[in-house]
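Input: a single structure, listed below in structure tokens.
In this text the structure is predicted, and so the values were computed from the model without any measurement. The sequence lines fix the lettering, A, B, ..., with proteins before strands; numbering per chain opens at 1.
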2 protein chains.
Amino acid sequence: MSNKNIGIKDVARAAGVSVTTVSHVLNDVSYARVSPETKEKVRAVAEELGYGPNRLAQALRTQRTGMLGLLSEDIATTPHAGRIILGADEAAKRRGYNLMILNTSASASLESRTADVEALLERRVDGVLYATMYHRNVELPANLDSVPSVLVDSVSTSGNVCAVIPDEEGGARTAVAALLDAGHSRIGFLNNTDDVPATRLRLQGFRKTLDEAGLDGGSAPVESAPSEVHGGYEAALRMLGRSDRPTALFCYNDRMAMGAYRAAAELGLAIPKELSIVGFDDQQLIAANLHPGLTTVALPHYEMGAWATEQLIDAIEGKNELSRLALSPTILDCPLVVRDSIAAPGA
Amino acid sequence: MSNKNIGIKDVARAAGVSVTTVSHVLNDVSYARVSPETKEKVRAVAEELGYGPNRLAQALRTQRTGMLGLLSEDIATTPHAGRIILGADEAAKRRGYNLMILNTSASASLESRTADVEALLERRVDGVLYATMYHRNVELPANLDSVPSVLVDSVSTSGNVCAVIPDEEGGARTAVAALLDAGHSRIGFLNNTDDVPATRLRLQGFRKTLDEAGLDGGSAPVESAPSEVHGGYEAALRMLGRSDRPTALFCYNDRMAMGAYRAAAELGLAIPKELSIVGFDDQQLIAANLHPGLTTVALPHYEMGAWATEQLIDAIEGKNELSRLALSPTILDCPLVVRDSIAAPGA
DNA sequence: ATGAAAGCGCTAACAT
DNA sequence: ATGTTAGCGCTTTCAT
């Protein structure tokens, strides 16, 4: 139980040694030569007095705060940000670092985001993580380059900043392959209308996977709508109204899949017997609670947060060079989460 | 754009004045007597050099870090924690403070939570916020009392710590009143089975409101189940299977309401025409996306985070006494969020 | 109206 | 094997 009022010199006095000795034993410095008895004594006294180091003073002296800044967009809006934070927090804690989290908005001006970075710099964080709430390209505050930093779930528009993003195309391939494996050949894609990397990459994964299976990906049915429950519902209605109705749907995300569930219900199509569905995101609240449970592809938010933190700390400690990793973004796997929304066609 | 290598003394030298003067003008100290020209000069030079204060050094000297520790349970699991963080972050930023967030688990041992507090203390945070992810009683780490602190969404088992919680009973009253106002008189309650304050208080609000409306709250139908989609489904099935089927359901939370929607669908009961439903929590993903949109009661997470932060900072700055607020928890309103799941009975 | 200097709690080079 | 001491960058008292 650290007592604010007890300092290293109180311990020194009580133990009858100098502050150097106390500092040495409490920090376990390798080069220090202190007798075992003295060590013991110092530790005991420190414990007894309830001594706790003043990290501010340590930091001022060593030029290391052991703090990482995390600039995160819209912590509140999405559970995804939470997973990134958790991954980062646990990785940081493991290595003896702590996180200073600043919330910003996806729509915040470059100026206000620059001010946020400035706040982090004034606190002398050892490095910063910049996280966005969905995979996209960001214009980074210029002052970010004065400290080691890594991007999570986004890529810098001005390039050459270490970044980690999900394997959107691979995830789409995994999803479509699951449908193919179940025996489907008429597969539709409910895509997003936003101009974000995932829109293009998931479509590409969808097409290529069909092509490679000998199906014509280029002519496979695609309906686009805003990536919300409502959009999914409408796109699904259009898709399922086609003359050669698909037997399976790959949905851009779980929210759209939720809309597709409703469309299927209205059309009297049973899932998965008459219609198989696979989503993307593994948004717990939806995927696990829909009925039947939605088979989907998980975004590696936790892993991205953890990976970014590890790299950042390695860089801070001189164990690697961020610039080497900055040449192209690191891409993390999107694994399939199997539930109950896929079955053989006409099963 | 703060430059790490520029200190107050560089500014002093470049401006041809002493560090004292620089400090005085940059901090706008009231008692300092500096000529307007000097002031101007100093500011210009600081700007030009890209000077940014070293908050560590300031903190070491002033014994104030301007940092608040936030110990939050399960940041990842629930969007609720996100709202608390957002409320706290914005309030803190407004007053010139920053947040150091530490994630802990609801199931973490007292020991590990004590260590988390210790980490915050070593960083010399000016105060700490302790947030739980749902309203409950917590056993606090003992070292928490060595710094101003306030609880968010929970009450200390050992009492007498400033705390802010939602008005569970009032929220339930609001929900039931909405049903009563629509003309319902046979109202059922789908309650949670967990032994948490909300279970008891929402039930109490439900009963009392019916009593006050001249209906017999004590004999009103209640079905309990785990507070998940699945539990809601099952409880609703039992409830709607009763001979005197209620025309309206008050659900413990939105997840249970989601289960109730499914039960209603299976029973061929149209919402809200044949069955009105009101939830609790205002969990966006569910409430706004269910069809029809779920009318529900919102938990004041953002407000609790903001309120707690304001009080904490006031206490730190000597503007109030936390102990005065600690006598009993502060209770915040749970407002109704109207969507489309309530209609007149048999409408 | 401005400056010198002490000191916040600590680390680490340098003595001894 | 242990101690002395000079800062880290800043604020603030006390001089001038």
**Item:** Intermediate values then yes/no, side-chain contact (heavy atoms from CB on, under 4.5 Å), A/Val138 and A/Thr157
**Value:** CA-CA 6 Å; A/Val138 285; A/Thr157 49; 5.8 Å; no

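- Axis orientation changes by 50° from one end of the helix from C/dA1-D/dT16 to C/dT16-D/dA1 to the other, with each end axis drawn from 5 pairs and the value rounded to 10°.
- Going from atom CG of B/Leu129 over to atom OG1 of B/Thr309 covers 4.5 Å, rounded to the nearest 0.5 Å.
- The interatomic distance linking A/Arg123 (CZ) with D/dG9 (C1') rounds to 15 Å, in whole Å.
- If you check the side chains of A/Tyr302 and A/Glu90, you find a donor sitting under 3.5 Å from an acceptor.
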For nucleotides 1-3 of chain D, tabulate all protein N/O to nucleotide N/O atom pairs closer than 3.5 Å, reporting atom names and distance.
| residue | atom | partner | partner atom | Å |
| --- | --- | --- | --- | --- |
| D/dA1 | OP2 | A/Arg33 | NH1 | 2.3 |
| D/dT2 | OP1 | A/Thr38 | OG1 | 2.9 |
| D/dT2 | OP2 | A/Ser35 | N | 2.6 |
| D/dT2 | OP2 | A/Ser35 | OG | 3.4 |
| D/dT2 | OP2 | A/Thr38 | OG1 | 3.2 |
| D/dG3 | OP2 | A/Ser18 | N | 2.7 |
| D/dG3 | OP2 | A/Ser18 | OG | 3.2 |
| D/dG3 | OP2 | A/Thr21 | OG1 | 3.0 |

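- Atom pair A/Glu122:CD and D/dG9:C1' shows a separation of 13 Å (rounding to whole Å applied).
- One atom, CZ of B/Arg13, and another, P of D/dC10, lie 12 Å apart when rounded to the nearest Å.
- Residue B/Asp28 contributes atom CG, which lies 15 Å from atom C1' of D/dT11 at whole-angstrom precision.
- Scanning for salt bridge (Lys or Arg N to Asp or Glu O under 4.0 Å) contacts around B/Arg13 gives B/Asp10, with sequence neighbours left out.
- A/Val164 places none of its side-chain heavy atoms less than 4.5 Å from the side chain of A/Leu151.
- Annotation for A/Lys41: atom NZ does not count as buried by contact number, only 12 or fewer foreign heavy atoms lying within 6.0 Å.
- The shortest distance between the side-chain N/O atoms of B/Asn27 and the OP1/OP2 oxygens of D/dT11 is below 4.0 Å.
- Contact check on B/Asp153 versus B/Arg83 returns no salt bridge, with no Lys/Arg side-chain nitrogen under 4.0 Å from an Asp/Glu carboxylate oxygen.
- Interface limits on DNA chain C: the 5'-most and 3'-most nucleotides within less than 4.0 Å of chain A heavy atoms are C/dG9 to C/dA13.
- Spacing between atom CZ of A/Arg64 and atom C1' of D/dG9 amounts to 18 Å, rounded to whole angstrom units.
- A 4.5 Å side-chain heavy-atom check between B/Leu110 and B/Glu139 finds at least one atom pair inside the cut-off.
- Screening residues 304-315 of chain A for salt bridge (charged side-chain N to carboxylate O under 4.0 Å, His left out) gives A/Arg94-A/Glu310, A/Arg95-A/Glu310, A/Arg95-A/Asp314 as the qualifying pairs, with residues at least two apart or on separate chains.
- The nearest whole Å value for the distance from the CD1 atom in B/Ile8 to the C1' atom in D/dT12 is 11 Å.
- The CG atom of B/Leu26 sits 13 Å away from the C1' atom of D/dG9 (whole-angstrom rounding).
- Between the P atom of D/dT5 and the CZ atom of A/Arg61 lies a distance of 16 Å, rounded to the nearest Å.
- At D/dT11, one or more side-chain N or O atoms of B/Gln58 fall inside 4.0 Å of OP1 or OP2 (strictly under the cut-off).
- For B/Ser72, the side chain to side chain donor-acceptor pair (under 3.5 Å) test picks out no residue, with sequence neighbours left out.
- Proximity of a side-chain donor or acceptor of A/Asp74 to a complementary backbone N or O of A/Ser105 within less than 3.5 Å is not detected.
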